[in-house]
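In what follows, a single structure is set out as structure tokens and then discussed.
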Amino acid sequence: MKKHLKQQIQNAFEVPIPNQQEKTRFLRTIPKSKISTWKFTFMQFTYLRKWVLVLSMLLLFPALKGAYYINQNTLWIISALIPFLGLLAVTESTRSSTYGMSEFELSTRFSLKCVVLARLGILGTIDMAVLCCLIPLCYASSKFSLLQTGLYLLVPYLFTTNISLWITRRFHNQEAVYGCMGIAILVSITNTGLHFMADFVYQFSYINWWIILFFFLIVKLIYEIYYTIKQTEEYTWNSPLTD
């Protein structure tokens, strides 16, 4: 009797096999109100935590002070803080995966790939703007050329960003944040240690190695961003709705 009752319940609640053609036809009938790319990007900007943007801008203050007083240690202070700029950009743009909200964002109106790409683009643009301000400020108070100053700031930033993106692709919880933070601290300490214990690597004779490392990290960053975007999955109805 119980077996017969179970069978009846199973038959009563049996889910029919979906008709893919009907599903596709139904999804096409849903009105899709498109918005412009700029409006979509601005919308994603409003979701970024404002304290992240404030912390990114705070790096300008010691650089401005160092440039005003012609303090030659300004470059090393800023280069030790630069890894945390990359840390903020990566952890904020991949916040949905590190806090277990990826599945929720997958079911929202916009593609998760578009959301992550937009946030990476916004934070990357802000970081580049900050770096473009920091490089001439540090150059004004240092004994190095503009090229050397730029490399000594960009390489720690790119190194931290690359490893942080790698970590966030493999760990999808708050442990990824701790891992990225540890990398930023390690890069910062290593950069400072090189200045005091192996300052010969900052001589102009080593500039070619710095340039090679810079371009390698640029290519690696493109690779990491590509696979970070590729890793994000999306449902059929969750597609880009921007013009």
Legend entry - Sub-4.5 Å side-chain heavy-atom contact between L154 and I82: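 Answer no - side chains too far apart.
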Legend entry - Any side-chain heavy-atom pair of L165 and L221 under 4.5 Å: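 Answer yes - side chains close enough.
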Donor-acceptor check, side chain of [X] to backbone of [Y], threshold 3.5 angstrom: yes or no?
| X | Y | result |
| --- | --- | --- |
| D127 | G86 | no |
| T149 | C138 | no |
| T161 | Y157 | yes |

Measuring from [X]:[atom1] to [Y]:[atom2], what's the distance to the nearest 0.5 Å?
| X | Y | atom1 | atom2 | answer |
| --- | --- | --- | --- | --- |
| T190 | I185 | OG1 | CD1 | 11.5 Å |
| T192 | F196 | OG1 | CZ | 7.0 Å |
| L85 | L134 | CG | CG | 8.0 Å |
| N191 | I78 | CG | CD1 | 11.5 Å |
| E224 | I167 | CD | CD1 | 10.0 Å |
| L75 | Q148 | CG | CD | 9.5 Å |

Inset, instruction - Give the ring-plane orientation class for W210 versus Y152, where under 30° counts as parallel, over 60° as perpendicular and anything between as tilted. - result: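 Judged by the thresholds at 30° and 60°, the geometry between W210 and Y152 is perpendicular.
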Inset, instruction - Check the hydrophobic clustering (I, L, V, M, F, W, Y; side-chain heavy atoms under 4.5 Å; chains of links allowed) and say if Y202 and M197 are grouped together. - result: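 Per the 4.5 Å side-chain linkage, Y202 and M197 are not co-clustered.
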Inset, instruction - For a ring pair (Phe, Tyr, Trp, His ring centres under 6.0 Å) with F144, tell me which candidate from W76, Y139, F204, Y206 qualifies. - result: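 Of W76, Y139, F204, Y206, ring pair (Phe, Tyr, Trp, His ring centres under 6.0 Å) with F144 is met by W76 alone.
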Inset, instruction - Check the pair L151 / L213 against side-chain contact (heavy atoms from CB on, under 4.5 Å), numbers first and verdict last. - result: CA-CA 9 Å; L151 289 172; L213 181 58; over 6 Å; no
Inset, instruction - State, to 0.1 Å, how close C180 and T168 come at their nearest heavy-atom pair, and which atoms those are. - result: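 That closest heavy-atom pairing would be SG-CG2, 3.9 Å.
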Inset, instruction - Output, in order, the C-alpha distance, side-chain angles, deciding distance and verdict of side-chain contact (heavy atoms from CB on, under 4.5 Å) for V219 and F216. - result: CA-CA 5 Å; V219 174; F216 170 78; 5.9 Å; no
Legend entry - Of L217, I212, I211, the residue whose pairing with F215 passes side chain to side chain contact (heavy atoms under 4.5 Å, CB included):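 Running side chain to side chain contact (heavy atoms under 4.5 Å, CB included) over L217, I212, I211 with F215 returns exactly one hit, I211.
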Legend entry - side-chain contact (heavy atoms from CB on, under 4.5 Å) between L123 and V90, worked out: CA-CA 8 Å; L123 291 164; V90 174; over 6 Å; no
Legend entry - Listed once per pair and sorted, the salt bridge (Lys or Arg N to Asp or Glu O under 4.0 Å) pairs that draw on residues 176-191, sequence neighbours left out: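 Salt bridge (Lys or Arg N to Asp or Glu O under 4.0 Å) check on residues 176-191 returns no pairs.
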